[in-house]
Every structure is written in structure tokens, then in C-alpha cells.
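Read the structure below first, then the notes.
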Amino acid sequence: MVKKFYITTPLYYVNASPHIGHSYTTIAADCLARYMRQAIGKDNVWLLTGTDEHGQKIERAAQAEGLNPKEFVDATAVQFKELWKALNIFYNDFIRTTEERHVKTVQRVLEILFEKGQIYPAKYEGWYCTPCETFWMQTQLKDLTCPDCSRSLEKISETNYFFRLSEHQDWLMKYISAHPDFIKPSSRYEEMARFLELNKLEDLCISRPKERMGWGIPLPFSPDHVTYVWFDALINYISAVGSFDDKGKYESQWWPADLHLIGKDILRQHAVYWPIMLYALGLELPKTIFAHGWWMIGQDKMSKSRGNVVNPIDMVNKFGVETYRYFLLRDVPFGLDGSFSEESIIKRFNGDLANDLGNLVYRTLTMIEKYFDGNIPERGVFVKGKQAELIEEKINLINKNGIGLSPSVITDCNFSAALKEVWEIINMANKYIEDTKPWNLIKENKTDELKGFILVLVDAIREVAIQIHSFMPQTSESIIEQLGKDKIKKGKPLFPRIV
RNA sequence: CGCGGGGUGGAGCAGCCUGGUAGCUCGCAAGGCUCAUAACCUUGAGGUCGUGCGUUCAAAUCGCACCCCCGCAACCA
């Protein structure tokens, strides 16, 4: 097991309010971080999230609301923080790209790379749509009109700064083929490996002239330019957890990251640009980059233009945090796309949470109440049936592999499979009750058997509560509490069925 | 055109790499039970595994060809 675990979410771009996609990545990261805190100690885990706040899109979004960019991002960043609170996200740090610590590091990185000759100025030629304020590459165009607004484009040529991506292709390809865990899941790994095989990397334009786009970090060696997107945003992963000294040496107790969780849309930036930037700086590469899938809304892609964006807060208000977290992590294997609908949330809720888990807890507590006056029977040597042994075996097995997530499950972020494992205990327990028929035991005065039976259930439920802690912290705690130490504190059903 | 993913009982998926009684969840039907949130447990119905050809004693699984769906433009996890 690793000694420290540094996990990140992407920096969310704050040109609009957070949606379920943002919450998905962050909940997954929170779940892993919670799991790892239990496994290796809370001081050894660092979960970083934050917001990406520069760029033209934000400049324009701010304008649309009649705010200056800073006012605008301040307001949106708060929305993200509030959402994380509502979703019970426990992060160690929240970095904003407008913060001084970040700006300084970005400029330092630019400086170092410029001195090393990794960044160079060159004339940049392309087609510009003035009304849209958008720059188009030749390859994006069918004719000389703007793909967005169809107005005619203007050819402009300006000096910009470029990062020498192209000269790094060889070692990156070798690195990737030597590190099968670098990009996950494996389908994405193949995708990237093939991309590098089939395409030649071109140097990356990393600047914009200030007069055209002012809301960004100025290049230290050319104050008339600001950095452009990725050179700003990606650096947060190091700017938040360390700094460069005068000699350009980076110091950090957390770097390299153990896991960058990202959506599949930004895989190339993380799997190609970012490693090359780090390599050029002489820094270690992250251990693993995991690209998860997207939530579709029914069959459709979620997008602002379609107007089908789902607000996580609405879902939380409707179904509760715990259900929302459970649904996202359970319904679809991490890595694949999922189909989001209230209907499927309700299905999961009624099936897994109300009928299986909630009802198991409730019926067990009721039996303890009725048969033992609310006292959990004392431990003793009781005759165990075969089923009881199977349940105990299962519990031990899962315990041995570490809090319900076997090592492969954790490294492959297979939340869904982990929960399935846990639910097997639940199903076994429900079946065990059915087969043991405690209502007959009580009639026949078989108290010892009844005690043994209840203890098996109590153990099973405790185990389940521990297992689900990273996924549904509140539910876990509530179950432990209701079970009490010796005397139960039965409450209302955990998940009252939605009719 | 090309690239990637996919087509398995009503729905969603696993199985395919390493050929050999087609499995899971939900839904549906019948039954059982009463500790429980009309919940839980059991059983059952329902599939030419996209199409065709080939390899093989044997193909959902391997090979070839074809058909259909999704993504490969932008905002964005």
C-alpha cells in the first residue's frame, strides 16, 4: 500500500454554474480520498479541487452579467464551494487560478521553460472572427466563414509564444508503453497510445495578445501576452502543493500526484500536454490519470445549448445527498457513459437502498426490540448454521481486502463493483433471515439459536456500515448509531420507499 | 472516407481475450412467509447472442464481408 495519496479533480471552469458532471468527478474523488484516509491515515491523504477562472469565455460571461471578471468568478467559485458542502465533500484544499500562489507559480514555470528554450515566440497566422472574438485554425474551417456565426473571417497574423510539444513525442510514447497504469481505463490508454502513434504533435500555442484577451496571467517575458488555458489550469496540480525555489527546483511533500481524476473530454490535455510540461520542468509525472465517462441525459448529451443541464442541488433536495452519491457511483461502472434520469435514481433508491439495505436494518432492529427488549445479545458460543458461516466468511474476505474495496477495485476506480460486493452481504443477510425463520424460533423458545442468529445479523450490518462509509458517510454513521453498543437506538427507516 | 465504441430475452448490461450446458439487475407472472418500508424469500415465462459466409467435433466467443446505432464541432466532468 502507498504511503501517501495525492488525488485531484480537474479545476472546474467557472463560466457557468456547476452541473452533475462536476459533482460526479468530485464525489468520486471524495469517495476515494475517504477510503484512503481510512486505509493509510488521514494525514497521508490530500484531496485537491478548485476552479479555473481565466480566459475569454469567462470574460464574456462576466460581461453578459454586467460584472467585471473578478466579481464574476468570485460569485461562481462560491457556488462550487457551496455545492461541495451540500454534497459532503471533504477536500483538503481548494485552489483558484486567480490566487496569488497560483499566478506566481505559473509565471515561474513560464520563466523556467522560456529560459530552457522550451518556449519560443513565432508568428501565428489564422482566421479570426471579430464579432465572435474567436480564432479558428485552418483545419477547423470549411470555407472562409465563421463556423459559429457564418460571417466572414479576417486573416490575422500576430506574434505568439509556443511550447515545444513536438520534440517530446518519442519519450512520451515510450513512457506510456512502459507504464500501463499511466492512463486508465485501458480503453483510454489504447486511445491515447494510438493517438500518439498516428499523429504528429505540433507545438502548442500558449499565449494570447493582451489587447484581444486581457483576463489571464501575463507572460513574465512578454507582458503584452497572457497565457492561454492549459498552461494556466494544469499547473494548479503543482502550484497548490509546492513551490519553486530560486534555482528553479520544485519542492513539495505531495507531488507527484497519485491520481488525476478527469472527464474523458480532457484526457489529451492530461495525458499529453501535462506530462510533457512536467518533463520539461524536470518533474515527476503523475502515477495515474483516470478518465471517467459522461452522464447523458436520457439518450442525449448534456449541454447548455440543449438546455438539459441538471443542477446537482435540485437532485440533492429531491433525493438527498446520500442517495445522489450512491446513484452516481453505483449505477454505471466508472469510465463508461451513464444515462441520468430521475426514474433511474428512484429505481436504485427503492431497490437497493429502501428494500435491501434500509429494510434489512429496520427488520433486524425490530427483531432485537421484540425478542430481546432492544438489547443486543451477549457474545457466546452458539451453534451456527451453514449460512451463518458463509456470511462470516464473506465478511472476513471483504475485510481482508480492505474496507470493501479490493486492491483492483481501488486502482481501477470500480466503485460500482465495490458496492455490488457489499450488497452481496446484504442479500445474504436477507436470505438468512428468511431461511432461519426466527419467528418460529421464538415460538419454540430456542433462545440460544435466536441469539446466535441476531449476532450474525448485527455483525453483517456493522460490516456493511463500515464498507459504505466512503460512499455514504452519513448513512454509515446513522446505522452504527442505531445499532448502538449493547442497546439499540432504533430510528425511522433510513430510506422510506418512494411511491 | 477514416478512426474509436457498440448491436445478447420487455429495459439496462456481463460473458468474447484463454471456443464446449447463455448469466446478472430491473420489469412481468405464480407461490411462500410475517421480523420488516405492499418489504423479504422461492419458482417461472421470455433470447435464431445484428446479418451472411468460413474455421472447428463444437462459435455469443476465432476469421472475413456486410448492415445498423453512438462519438470523433463547440461550452463542458
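Here is how names work: the chains are called A, B, and so on, in the same order as the sequence lines, proteins then strands, and each is numbered from 1.
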Distance check, [atom1] atoms only: [N] and [M], in whole angstrom units.
N: B:rA74; M: B:rC69; atom1: C1'; answer: 23 Å
N: B:rC26; M: B:rG9; atom1: C1'; answer: 13 Å
N: B:rG50; M: B:rC3; atom1: P; answer: 22 Å
N: B:rU25; M: B:rG15; atom1: C1'; answer: 15 Å
N: B:rC68; M: B:rA30; atom1: C1'; answer: 39 Å
N: B:rC24; M: B:rC64; atom1: P; answer: 33 Å
N: B:rG32; M: B:rG19; atom1: P; answer: 47 Å

*Over 60° means perpendicular and under 30° means parallel, so classify the ring planes of A:Phe495 and A:Phe349, tilted if in between.*
perpendicular
- request: Assign the ring pair A:Tyr237 / A:His270 to parallel, tilted or perpendicular, where the plane angle (0 to 90°) is split at 30° and 60°.
  value: tilted
Rounded to whole Å, the CG-P distance (A:Asp337 to B:rG5) equals 14 Å
A:Ile433 atom CD1 is separated from B:rC35 atom P, nearest whole Å, by 12 Å
Minimum-distance nucleotide to [X] side chain [options: [options]]:
X: A:Trp295; options: B:rU37, B:rC26, B:rA77; value: B:rA77
X: A:Met367; options: B:rC35, B:rC41, B:rA77; value: B:rC35
X: A:Asp356; options: B:rA77, B:rC35, B:rC40; value: B:rC40
X: A:Trp294; options: B:rU34, B:rC33, B:rC76; value: B:rC76

- If only side-chain N and O atoms of A:Asn15 are considered, is one of them under 4.0 Å from the OP1 or OP2 phosphate oxygen of B:rC75? no
Please test A:His292 against A:Lys264 for side-chain contact (heavy atoms from CB on, under 4.5 Å), starting from the C-alpha separation and ending with a verdict.
-> CA-CA 6 Å; A:His292 67 242; A:Lys264 64 178 184 179; over 6 Å; no
Taking for A:Leu11 and for A:Leu336 the nucleotide of RNA chain B with the nearest heavy atom, the one nearer the 5' end belongs to A:Leu336
> When the ring centroid of A:Phe319 is compared with that of A:Phe327, is the distance short of 6.0 Å?
Replying inline: no
Just the table, please: protein N/O against nucleotides 2-4 of chain B N/O, every pair under 3.5 Å.
{"residue": "B:rC3", "atom": "O3'", "partner": "A:Arg194", "partner atom": "NH1", "Å": "3.4"}
{"residue": "B:rG4", "atom": "OP1", "partner": "A:Arg194", "partner atom": "NH1", "Å": "2.2"}

Separation between CG (A:Asp352) and OH (A:Tyr326), nearest 0.5 Å, reads 3.5 Å
- Query: With a 4.0 Å cut-off on heavy atoms, is A:Gly21 in touch with a base, just the backbone sugar-phosphate, or nothing at all?
  - Reply: base
